[in-house]
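Some notes on the structure that comes next.
What you are looking at is a predicted structure, and each value in this text was computed from that prediction instead of being measured. Excluded from the calculations below are hydrogen atoms, water molecules and symmetry mates; all remaining heavy atoms, backbone and side chain alike, are included. Chain naming here is simple, since letters A, B, ... match the order of the sequence lines and numbering starts at 1 in each.
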Protein chains: 2
Amino acid sequence: MVSKSQIKLITSLSQKKYRQQHGLFVVEGIKGIQEFLDSHYTLHSLYALKGYFEAQNAIEIAEAALKKISFLKTPQKALAVFEIPKLSSEKEAGFQLVLDDVRDPGNLGTLIRLCDWYGIKTLVCSQQTVDCFNPKVVQATMGSLTRVKVHYTNLDTYLSGQTLPVYGAFMDGENVYRASMLEDAILVLGNEANGISSAVSEKIQHKICIPQFGTSTTESLNVAIAGAILVSEFKRG
Amino acid sequence: MVSKSQIKLITSLSQKKYRQQHGLFVVEGIKGIQEFLDSHYTLHSLYALKGYFEAQNAIEIAEAALKKISFLKTPQKALAVFEIPKLSSEKEAGFQLVLDDVRDPGNLGTLIRLCDWYGIKTLVCSQQTVDCFNPKVVQATMGSLTRVKVHYTNLDTYLSGQTLPVYGAFMDGENVYRASMLEDAILVLGNEANGISSAVSEKIQHKICIPQFGTSTTESLNVAIAGAILVSEFKRG
């Protein structure tokens, strides 16, 4: 059974302000929930159809009730609420990825998954970047959020305090395949429509780009695709 | 004004069998439609709000009517129907990308956009790969479909007739950063869940992979992300 107040709490977690107020976020689906259960995250509550997560004392609910609390078109047998962890502010060594106002949940989710693949432990985001505990982001990360820490901060201040070389993706940057790159560096990616903001641009020492092999009318690459190609260039050694 | 039979025709084009039967597909949004108008594609009909595409003799419709024929949650001021072009079967030289049962429209759209960026003129797909004239694919390509030809064929037969070396993305392939790669080659990417089918695997001479830098519990990379990193490795020279 799910009470009215539980339904109200869970559905409110689609909005950032309520996630922040309650310090909670939602994970859906057996595989995703299992990854969070196996991680350092703390479970708040777990709702599942009969036969799922019984060992975890899940609250058994019917499909109709799951439909009420789910954010998915097709609910996924179980829904869990976890606590948003408090992040320590210790600095990480090595390569860092920084996002300046990435707004699309799918793009952020894909970039978190990319960080996880390439062993990048921390992702630093501007305050305007989409919240990593947004249900669509959590879904797109496929569990990678349990292994990548996402920090939200003022990028201007953050980049000013760094000693590593700062690279940024620009349409008119140097050809990344010809540029000399250090493995320990910071790479900044910008907003889907506007790229890197002018305040953040001032902190960037090396402007790089992925050269265009096709005709000049081609749209720019999607930020997650460009990010993948650029991270690969830093990591390939 | 849009007649009932026009509404019926347009909405039927969300399904592959009706697109094939009528030889027509839908493009939405001012920018996308303009790209198709400027290309080799032939316009069938064009519906727009007052003030848009008047020079093209667009059929003027009201917002309510546009909502009826649109496949988007938020209709985009204009909707056009174009003819599906007949593809010549002439062989293309140089690097080729081949998709074995990619099913997600967003992934196919992103890969078409990637081909366009890297000047890859032809994308070869298995018959089970999602249709490139699916409205979600057209939307995701951002106009790149006007510059990249997508062929659907039996990959088994197709690959048997090729003289270029055939590479394929496998979880247990050789580290792509260490492999020796030719710029003129064929790269095969597999299905989101199952990878490359066993029939197609037999035609592949070089199995490659993107090495994992993170922990071993990480999910595989999304096929569009993996495709971008691998195409970049072939093209970087």
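Across A:Lys235 and B:Phe213, no two heavy atoms sit closer than the pair O-CZ, 3.4 Å.
For B:Leu230, no part lies near chain A; criterion is any non-hydrogen pair under 4.5 Å. Contact of B:Ser232 with chain A is made through backbone and side chain together, with heavy-atom distances under 4.5 Å. Contacts of B:Lys31 with chain A are made by side-chain atoms alone, with heavy-atom separations under 4.5 Å and no backbone atom involved. For B:Leu114, the parts lying under 4.5 angstrom from a heavy atom of chain A are both the backbone and the side chain.
Contact count against chain A (heavy-atom pairs under 4.5 Å) is highest for B:Leu221 among B:Val148, B:Leu221, B:Ile225. Between chain A and the options B:Gly237, B:Ala226, B:Pro211, heavy-atom pairs under 4.5 Å are most frequent for B:Pro211. In terms of heavy-atom pairs under 4.5 angstrom with chain B, the leader among A:Asn175, A:Ile210, A:Thr110 is A:Ile210. Between chain A and the options B:Asp38, B:Ile120, B:Asn222, the largest number of non-hydrogen pairs under 4.5 Å is found for B:Asn222.
Once rounded to the nearest 0.5 Å, the distance linking OH of B:Tyr118 with CD1 of A:Ile229 reads 3.5 Å.
The 12-atom threshold is not exceeded at OH of A:Tyr52, counting heavy atoms of other residues, nucleotides or ligands nearer than 6.0 Å.
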Between A:Glu233 and B:Glu233, is a side-chain contact (heavy atoms from CB on, under 4.5 Å) present by the stated rule, with each step listed? CA-CA 9 Å; A:Glu233 283 297 314; B:Glu233 283 297 315; 4.1 Å; yes
